[in-house]
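Worksheet: one structure, shown below.
Predicted model, so just to flag it, every value in this text is computed and none were measured.
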Amino acid sequence: RGFQVVSEIDYGSPKNQIPQMVARFRADMLVMGAHGHTWLDDLIFGTTVDVVRHRISLPVFIVKCP
């Protein structure tokens with residue numbers, strides 16, 4: 001269908017690295033996986049998806065794994 005997909009493995013804080021990678025790639029959209037913490041886990045550990053989506057200015061597609 002003509003889609004160009006880029007993937008990369010990086011290290012460090014995902015909340016910082018993912019927005020940097022998005023800028024480097026000049027991405028049109030970001031796809032992220034969610035693994036289904038409970039609200040209490042999110043409160044204690046925080047959520048990467050929420051922080052990342054506020055740091056970038058493009059669509060984020062969130063896929064929840066069963």
Side-chain angles (χ1 to χ4, degrees):
R1 295 191 178 193
F3 295 112
Q4 180 182 3
V5 177
V6 177
S7 61
E8 181 175 320
I9 296 176
D10 211 334
Y11 60 92
S13 168
K15 295 174 184 179
N16 296 325
Q17 292 303 112
I18 293 171
Q20 290 176 12
M21 291 169 64
V22 165
R24 248 191 342 259
F25 293 147
R26 297 182 190 160
D28 296 318
M29 182 175 79
L30 175 65
V31 179
M32 295 185 72
H35 48 82
H37 280 157
T38 64
W39 69 270
L40 183 58
D41 289 337
D42 289 343
L43 186 63
I44 294 169
F45 301 114
T47 62
T48 300
V49 171
D50 280 338
V51 173
V52 169
R53 72 180 180 85
H54 284 100
R55 291 185 180 177
I56 63 176
S57 60
L58 52 92
V60 179
F61 182 68
I62 302 167
V63 180
K64 184 174 180 183
C65 302

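- Residues Gln17 and Asp10 come closest through the heavy atom pair NE2-OD2, 3.2 Å.
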Show which side-chain atoms of residues 20-31 pair as donor or acceptor with protein atoms under 3.5 Å away, not counting sequence neighbours.
residue, atom, partner, partner atom, Å
Arg24, NH2, Glu8, OE2, 2.9

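- Looking at every heavy atom in both residues, Val52 comes nearest to Lys15 through CG2-CA, 4.2 Å.
- Listed by chain and residue number, Arg55 satisfy the side-chain hydrogen bond (donor to acceptor under 3.5 Å, both in side chains) test with Asn16 (two or more places apart in sequence, or in another chain).
- Hydrophobic clustering (ILVMFWY, side-chain heavy atoms < 4.5 Å, transitive): Ile56 and Ile18 are in one cluster.
- Here the shortest heavy-atom pairing between Pro19 and Pro14 reads CD-O, 3.9 Å.
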